[in-house]
Amino acid sequence: MTVRLRFAPSPTGRLHLGNIRTALVNWLYARKAGGELLLRIDDTDAERSKPEHAAAIEADLTWLGLGWDQFARQSDRMARYAEVVAGLKSAGRLYPCFESPEELELKRKLALSRGRPPIYDRAALKLSAAEIAALTAQGIAPAWRFKLEPGAIRWHDLIRGDVHFEAEHLSDPVLVRPDGVPVYMLASVVDDLDFAVSHVIRGEDHVANTAVQIQLFETLGGPVPVFGHFSLIADAAGEKLSKRAGASSIEDLRADGVEAMAILSLLAKLGTSDPIELRPDLATLVAEFDIAKFGRNRPKLDMAELDLLNAKLMHALPYAAVSSRLPAGATEAFWLAVRANLTRGSDAGDWWQVVTGPVTPLIDEPEFIAAAAALLPPEPFDATTWSSWTAAVKAATGRKGKDLFLPLRHALTGRGHGPELATLLPLIGRERAMARMGGGVA
RNA sequence: GUCCCCAUCGUCUAGAGGCCUAGGACACCAGCCUUUCACGUUGGUAACGCGGGUUCGAAUCCCGCUGGGGACGCCA
């Protein structure tokens, strides 16, 4: 049997770190097993789904290097779902419900206030044929629920081990809306069956769904896939992933100069027993991947950790990998000079301004800076200019160490820290250097 | 409220009764290197949520408590 996994996002927004983790784990599992990955766009909810989001999801995955072997879109498969629904109806597993959403909401609140689980009370099951006919005659279209069989539902979860649910604790799920459109619960199972999905790996927010879906798989006569539910990630404070931490879109991170491998390294290791370290490529991640390394704790995702990994990546990133994203005019020499001081690619712009100006110099001691300026050699500048110049300044003023170098750095860059001046000075050039040492903005 | 899950250094975790005066990685601190940052290197600080039990012995098993999370949608 071919190992086949799927990543099934709903195109209701951009991909964020939480989504990507699901995509990555499925991708890694498929690759490790020599299997295939299906990208399925779960867009049965027409109101919330947007085609542009689907396109963006594909673009984001492609940028990350997470390719797929097959592609499907649920909105293309409505006829197939209708066929399955007809079968379920004739098998007596679907029953019509005429309650309005408001009515159901009220029932839930009532149950909750009485200390009862807010599951559907199956009132519709008690409707007589005459009552159903009457309701239908009034023009009320019913939603169709799947009648769950009572009893225990068990499966062996790749991450959680043996799991079991009592069907009595679950609500009969609506499978078809009054307008005839199937709900995710149904479409997902039909697709998993039709595309021969062998493993379903998703967040733990789906465990109860899995119990319901197992009955659906069995009812539809198909093989039940292997399931795995990993715990959801929290932000650094242990709270639900928010915009601030983690939920920012991949698109934004990318625009900010966060590299794919930094994101991938973090997400592949977070919550596993492997150390969270920058890994060189996806192949390494595949080699190291083992679903058994995932724990059941709820890991915290700290954006500072992402920055740490990205900074490490930046420090060794070749010019060719970034040249197109650098400010116009930025050269390889510039990149090599500043990359060790970057956290995100977008930081390069700040140093570009330090090189090209305008920079407001910090003149700590005008006399010393004037003396140094007088000794600045003529152009051309090269890699040795800095050391020969500072040696001359040292000889003339008797200064050394921090007293010698920090005032010069302040005057030349306006900052107290930054890339090595030996490499920066030739980029700044004599004209700007002289202007800044004179106290001018340049 | 009901059902399910979780609880070890700041963080991710190892630990399946004695091998644990609890190991690793990252972060942090200090030394070395260094004009800054970074890199490298050496060393260091730092954790079993609480209370009962079982046992000769518990981070490990059981119960309770506390704390956290998920689910309970005509969303996915």
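Heavy-atom basis, side chains included; hydrogens, waters and symmetry copies ignored. Below, chain A is the first sequence line, B the second, and so on; all start at residue 1.
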Take W27(A) and F7(A) through the test ring-ring contact (aromatic ring centres under 6.0 Å, His included) and record every step on the way to the result. CA-CA 8 Å; W27(A) 189 92; F7(A) 175 53; over 10 Å; no
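Counting only heavy atoms from C-beta outward, the side chains of F289(A) and F294(A) approach each other to under 4.5 Å.
Here H206(A) lies in heavy-atom contact (under 4.0 Å) with a base. Residue P275(A) is in sugar-phosphate contact alone, with no base atom involved, counting any heavy-atom pair closer than 4.0 Å across all strands shown. No engagement by R415(A) is indicated, since no non-hydrogen atom pair under 4.0 Å with the nucleic acid exists. At the heavy-atom level, P299(A) lies under 4.0 Å from the strands shown only through sugar-phosphate atoms. Within the 4.0 angstrom heavy-atom criterion, no nucleotide atom of any strand lies near T12(A). Within 4.0 Å of L112(A), counting heavy atoms only, lies at least one base atom of the nucleic acid. Residue contacts shown for R108(A) are limited to sugar-phosphate atoms, with no base heavy atom under 4.0 Å away.
If you take atom C1' in rA22(B) and the same atom in rA16(B), they sit 15 Å apart, rounded to whole Å.
In terms of position along RNA chain B, the nucleotide closest to D205(A) lies nearer the 5' end than the nucleotide closest to the other residue of the pair T44(A) and D205(A).
Comparing atom distances between the S273(A) side chain and each of rG73(B), rU13(B), rG70(B) picks out rU13(B) as nearest. With rU13(B), rG1(B), rA76(B) as the candidates, the nucleotide lying closest to the side chain of D45(A) is rA76(B). Side-chain proximity of E305(A) to rU13(B), rA25(B), rU11(B): nearest is rU11(B). The listed nucleotides are rC26(B), rC74(B), rA76(B); the one nearest the side chain of Y184(A) is rA76(B). Side-chain proximity of L104(A) to the nucleotides rC26(B), rC72(B), rC74(B) is greatest for rC74(B). Side chain of K300(A), nearest nucleotide from rA25(B), rC26(B), rU11(B): rU11(B).
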Strictly under 4.0 angstrom, non-hydrogen atoms only: write out the protein contact profile of nucleotides 3-8 of chain B, one letter per nucleotide from the 5' end, B, S or -. SSSSSS
Strictly under 4.0 angstrom, non-hydrogen atoms only: write out the protein contact profile of nucleotides 35-49 of chain B, one letter per nucleotide from the 5' end, B, S or -. BBBS-----------
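Atom CD1 of I153(A) is separated from atom P of rA71(B) by 18 Å (rounded to the nearest Å). If you take CG of L267(A) and P of rC12(B), they are 14 Å apart, rounded to a whole angstrom. Distance, R48(A) CZ to rG73(B) P: 15 Å, rounded to whole Å. Taking atom CE of M303(A) as the reference point, atom P of rG10(B) lies 23 Å away to the nearest angstrom. Summarising the geometry, the separation between NZ on K240(A) and C1' on rG68(B) is reported as 13 Å, rounded to the nearest angstrom.
Panel note: side chain S198(A), backbone R4(A); a donor-acceptor pair is recorded below 3.5 Å.
E288(A) and K32(A) make their closest contact through N-NZ, 4.4 Å (heavy atoms, listed as atom of the first residue, atom of the second, distance).
Below the 3.5 angstrom threshold, one finds no donor paired with an acceptor across the side chain of N209(A) and the base of rA71(B).
Note: F405(A) and W386(A) have tilted aromatic rings, judged against thresholds of 30 and 60 degrees for the angle between ring planes.
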